[in-house]
Every structure is written in structure tokens, then in C-alpha cells.
Number of protein chains: 2
Amino acid sequence: MSASTRPAPTKLELLELLAAIGTAQWRDFAAAAAHHGLTSTQARVLAQLNGPLPMRGLATLLVCDASNVTGIVDRLEARELVRREADPSDRRVKNVVATDAGREIIRRVREEMQATHGALDTLDETESATLYALLGRLRPTMEKDAR
Amino acid sequence: MSASTRPAPTKLELLELLAAIGTAQWRDFAAAAAHHGLTSTQARVLAQLNGPLPMRGLATLLVCDASNVTGIVDRLEARELVRREADPSDRRVKNVVATDAGREIIRRVREEMQATHGALDTLDETESATLYALLGRLRPTMEKDAR
DNA sequence: CGGAGTTACTTGATGACATCAAACATCTGC
DNA sequence: GCAGATGTTTGATGTCATCAAGTAACTCCG
């Protein structure tokens, strides 16, 4: 109920605040990645690799050209953080999978996002739940227009 | 009050959701910028330029090397979106200011972040106020550790 | 004053990311 | 079984990122 008494923010104010949070989080992520010798792009790829993913699928997720992914995966593979596997059902496809080392390194990167962890720790359970619900509402719309 | 009845999300879940929102917003911003022939970095610079800002200040805000800023501003200046002005009080310093064209183009970029606008439009006034308050709580902590 | 040290900016070298166009192998549908 | 679509890589080019080094200007202190 504490919320309902506040003055409504301008849409522009809200937009700007959201941008600031996004920027801060990105910095946090990039810094943690750099700490492990990863560029932010490389870390982003590792973060996507829950299961095997074809090169093309990676390109789609990263919203970039497929030829770009070749180089990124090359560099990750050289460090043995990732492996290319032949797809059994389509010989054109190469599936990228994270190695144990790859999974471990991205886990640590997430752990070391101190600014973000610290910020979330300032919320109590109710606030966390509220934020989670609100962001969850935004998510589908924000991800829809991906093109 | 609707919020207080939800199950509390894991910190990891909340972290992941926050990351997803951040990523989506970045995509939206980059796409809008590309639509105007700007790289995301160039757009980011324009977005910072509310007033005159020395090169060094820009580098600090972007968290990158000062030498990098030289090239970025060179390219923006070639397109007349930005101008370098001598600082009256310190002849080493060059202040970067956005031209009218520069201000106009970044205004349009912000306007065209449709995914983000669309998502925020799904919230009513109370929800907006709540989200604004919660994100406002996170902001200082998230921006503190910048380095 | 005047030099030592700091700061602001640029240049040059190098590597990672990003695009596009083109080549190649493989799949799909008719 | 052939025409067209799809997945990946290569090569050319431009932008972004770093670092090291250089020049100019400021600051401080003896």
C-alpha cells in the first residue's frame, strides 16, 4: 500500500530510470566477465548456452549476423570453454555446447556481479516479489518485437 | 496488496529476469539507433550529451579508454551531430556539445524504442509508481560500484 | 620564476565485434 | 533428382576496445 500514495512518474522518467538500471547492470556484467578474461560478448554467449545450440540459433539470440558467431565461437573454442558438435539429424548444423570449464566460468561471472547482488539485497521479500511480478509483466512485450 | 500474496522469487530468478529486461531494452535501443545509421555506442554518446562535456568526462561515463572517445567523437563530428569546443578556462580541454541535428536524432531514437514504450504502456499508474519507486531504490547501489 | 609531476587529448598498433557478399555443403519440396 | 532454401565459413571493410607513447597545457612547490 505504500506505493499507491506516490505521485505517478512521467513515462519519460520511468524510461530513463529503466535505462539507467540497464546500463548499470551491463557494466556490472561486463566488469565481472573482464575479470575472467572474457569480453562481454563472449560472456553473453556462454550465458545463453544452457543446452546445445546451433550457430544459427546463437546468431538469432544475439541479434547479429551468423558470420559473426563463427569468430566468437572460434575464440571460445580455442579456450576450451565451448565445443562444436555435429548435429546427428542435419549435417549442415554445428551445435555449440559449453564445456564444464565454460559452465563454471559463467557461473562465477554471475556470482561476481556485486553491484547487482548488492542492489537486490536491499529489497525485502515483499518488494522482491512485487518487482518480480512487475518485470514479469513487462518481459513478454519487450521481447516480442525482437526483429 | 496484490503483490504481498505472491511466493517470493529466488534471488537468481529475479537476477535473471532483470538481465532479460536489460537485454531486451538494449536491443530496442540499438535497433532504433541503427534505424538512423548510428551504432549503439554513438547513440549512447549522444544520449549523454545534455550539456557540454569534456572528452575525459565522456570516457568516464562510457567506462572506456579516453583514446577510444577520440574516434567516436570524430565520426559523430563528421556527421555534424556533435561539435568540439575549446574550454575557456583550460586550453587542454575540448568540450563536446550536441548540435541541433544531434539532439533531434537522439530524441527520435528514444521515441522509436517501441518495445520499451509498448511494455511500459501495459502498466497502469499505480504499477508505474510502484516500479519507479522500486527501481529508484536499486539505482544508487547499482551505480555505486562503477569501476 | 621555473622545473617536476599531473592531466587532457591525440596517434598508432593490435585485437574483438559488427556488417555484407560470396562460396560451399546439405537439406527440402515438388 | 533438380531448384531453391538454409547453415556455416571465408574475406573485405568499418567501428569499438585496449595499451603505449607523444604533445600541450595546467598545478604545485621550492
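Chain letters run A, B, ... following the sequence lines, proteins first, then strands; residues in each count from 1.
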Notebook entry, point to check: With respect to A:L134, which candidate in B:L135, B:I21, B:L123 satisfies the side-chain contact (heavy atoms from CB on, under 4.5 Å) definition?
Noted result: B:L123
Note to self: Please report the distance, rounded to the nearest Å, between NE2 in A:H35 and P in D:dT18.
What the structure shows: 16 Å
Check: How many Å lie between CG on B:N95 and P on D:dA25, as a whole number?
Finding: 16 Å
Checklist line | Salt-bridge present (B:R92, B:D87; N to O < 4.0 Å) | finding: no
Check: How does the hydrophobic cluster around A:V97 look, that is, which other residues are in it when side-chain heavy atoms under 4.5 Å mark a link?
Finding: none
Next item on the list: May I have the distance from B:R79 (atom CZ) to D:dG14 (atom C1'), rounded to whole angstrom?
Entry: 14 Å
Next item on the list: From the options A:L81, A:V96, A:N68, select the one residue that forms a side-chain contact (heavy atoms from CB on, under 4.5 Å) with A:V73.
Entry: A:V96
Item checked: Whole angstrom value for the distance that separates P of D:dG7 from CG of A:L61 -> 14 Å
Next item on the list: Measure from CG on A:D87 to C1' on C:dA25 and round the result to the nearest Å.
Entry: 15 Å
Checklist line | B/S/- contact track for nucleotides 10-23 of chain C, protein heavy atom under 4.0 Å | finding: BB----SSBBB---
Check: Should A:R91 be listed as having a side-chain N or O under 4.0 Å from OP1 or OP2 of C:dC27?
Finding: yes
Margin query: Nearest whole Å is fine: how far is C:dT6 C1' from B:D90 CG?
Written below: 12 Å
Check: Can you check the A:R56 CZ to C:dC27 P distance for me, whole Å?
Finding: 18 Å
Next item on the list: In whole angstrom, give the distance that lies between atom CZ of B:R92 and atom P of D:dA25.
Entry: 10 Å
Next item on the list: Indicate yes or no: does B:R108 engage B:E112 in a salt bridge with an N to O separation below 4.0 Å.
Entry: no
Check: Going by an N to O cut-off under 4.0 Å, is there a salt bridge joining A:E77 and A:R83?
Finding: no
